[in-house]
Amino acid sequence: MGAGTSRTRQTMPAADDLRTRAAKLEKRVKPTLAGPYTDDEHRWLDKAAALRAEADKLDAAEK
């Protein structure tokens, strides 16, 4: 490692952190009554669903 660099260990985010990230993504999406979703909004919703699924897996693994 060079001067001024550090090695950081990446850890898996906690289930609550994943759910918080999912909620933030979902808040970016306009209400359904405002019209069809944009491509970005579809991606945000897909990502939010994936984050929630990962959080559920982490919860199940802890039990």
Side-chain angles (χ1 to χ4, degrees):
M1 299 240 120
T5 61
S6 64
R7 179 176 282 173
T8 58
R9 184 176 177 197
Q10 288 196 341
T11 59
M12 290 293 294
D16 290 340
D17 295 334
L18 294 173
R19 287 190 180 94
T20 299
R21 288 173 52 198
K24 287 180 182 178
L25 286 170
E26 290 166 342
K27 285 181 182 180
R28 295 171 78 178
V29 178
K30 66 182 179 266
T32 306
L33 295 175
Y37 292 140
T38 65
D39 289 343
D40 284 341
E41 289 170 325
H42 280 287
R43 279 192 290 276
W44 297 335
L45 291 172
D46 289 345
K47 179 66 176 177
L51 289 169
R52 289 186 188 280
E54 185 63 27
D56 291 343
K57 285 182 190 177
L58 288 173
D59 282 343
E62 289 178 3
K63 292 181 182 181

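Throughout, residue positions are numbered sequentially from 1 according to the sequence presented.
Tyr37 and His42 make their closest contact through CB-NE2, 3.5 Å (heavy atoms, listed as atom of the first residue, atom of the second, distance). Taking every heavy atom of both residues into account, Pro36 and Lys30 meet most closely at O-NZ, 3.1 Å. When every heavy atom of Leu58 is checked against every heavy atom of Pro13, the shortest pair comes out as CD1-O, 3.3 Å. A pairwise comparison of heavy atoms in Trp44 and Val29 identifies CE3-CG2, 4.0 Å as the closest pair.
Electrostatic pairing of Glu54 and Arg21 does not count as a salt bridge here, judged by no charged N lying under 4.0 Å from a carboxylate O. Checked for salt-bridge contact, Asp40 and Arg43 meet the test: a charged N lies under 4.0 Å from a carboxylate O.
Residues passing the side-chain hydrogen bond (donor to acceptor under 3.5 Å, both in side chains) test with Thr20: none are found, sequence neighbours excluded.
For the atom pair CG (Asp59) and CZ (Arg19), the distance works out to 4.5 Å, reported to the nearest 0.5 Å.
Within a 6.0 Å sphere centred on NZ of Lys57, heavy atoms belonging to other residues, nucleotides or ligands number 12 at most.
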